[in-house]
Structure formats: C-alpha cells, structure tokens
Amino acid sequence: MMEKKSPHILNASSNLLGFSLIIITSLKITKISGNTHLDEFAGLSCLLFACSCFFSFLAIRTKSEQRETKYETIADYLFLIALFCIVLAVVIVTVKIID
C-alpha cells in the first residue's frame with residue numbers, strides 16, 4: 001500500500017509559504033525587485049503553496065479513497081511547481097546581489 005504524502009505536503013507547503021512571504025516582505029523593504037520578475041515568482045509561489053496546503057488538507061480530511069488520491073496528486077503537483085518558482089526567485093535574488 002502506498003504511504004500517504006498529504007501530511008508531509010501540508011507541513012512543507014505551509015513552511016515554504018512562510019518563507020515565500022518573507023521573501024516578498026524583504027523585497028518590499030529593500031526595493032530589490034526593480035526590473036526583475038522576482039515579485040511575480042515569489043507571489044506565484046505563495047499562491048501555489050497556499051493551494052497545495054488546501055488540497056493536502058482536503059486529502060487528509062476526505063473519507064473517499066478516490067478523492068483522497070486526486071487531492072493528494074493535485075497538492076503534489078502544485079507543490080512541485082511552487083518549489084520551482086521559489087527556486088527561480090532565489091536564483092534571481094542571488095544574481096541581483098552578486099551583480
């Protein structure tokens with residue numbers, strides 16, 4: 001039987017949501033984002049992490065095995081896309097700081 005990933009996705013998504021919000025806050029304070037797409041990547045990652053949290057919570061709470069698998073898969077893909085966005089944001093910040 002497959003191990004359930006939903007609790008792990010919920011935990012990681014909520015933590016990385018906080019990290020993304022810290023990135024956005026620090027961008028607004030330091031005004032680094034200027035002419036980059038940093039705000040967009042960080043904002044998109046926030047939305048995707050929040051949706052991933054939502055779907056992983058639904059997967060944990062649902063009684064239907066079929067819906068649980070569906071919600072868990074959606075949460076998993078949203079988490080992966082959000083992780084990619086946050087990595088792009090970190091790369092942009094790093095390049096911006098080095099230049």
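Because the structure is a prediction, the values reported are computed rather than measured.
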Let me check something: do [X] and [Y] share a hydrophobic cluster, defined by ILVMFWY side-chain heavy atoms less than 4.5 Å apart, either directly or through other members?
X	Y	answer
Leu21	Ile29	no
Ile81	Leu38	no
Ile92	Leu48	no
Leu83	Phe54	no

Under the 3.5 angstrom rule, does the side chain of [X] hit a backbone N or O of [Y] as a donor-acceptor pair?
X	Y	answer
Thr94	Val90	yes
Asp76	Glu72	no
Ser13	Leu10	no
Thr62	Ala59	no
Glu68	Ile60	no

Restricting to non-hydrogen atoms, name the atom on [X] and the atom on [Y] that form the minimum distance, rounded to 0.1 Å.
X	Y	answer
Ser45	Cys85	CB-CB, 3.8 Å
Ala42	Ala89	N-CB, 4.4 Å
Ile9	Ser56	CG2-CB, 4.0 Å
Lys4	His8	O-CD2, 3.8 Å

Less than 4.5 Å apart, any side-chain heavy atom of Phe19 and any of Ile86? yes

I'd like to check Phe49 versus Ser20 (side-chain heavy atoms, cut-off strictly below 4.5 Å). Are they in contact? yes

CA sep, side-chain torsions, deciding dist, call: Asp39, Ile24, side-chain contact (heavy atoms from CB on, under 4.5 Å): CA-CA 7 Å; Asp39 285 346; Ile24 290 174; 5.7 Å; no

Rounded at 0.5 Å granularity, tell me how far [atom1] in [X] sits from [atom2] in [Y].
X	Y	atom1	atom2	answer
Leu16	Cys46	CG	SG	10.0 Å
Phe41	Phe84	CZ	CZ	7.5 Å
Leu47	Ser52	CG	OG	12.5 Å
Asn11	Lys5	CG	NZ	15.5 Å

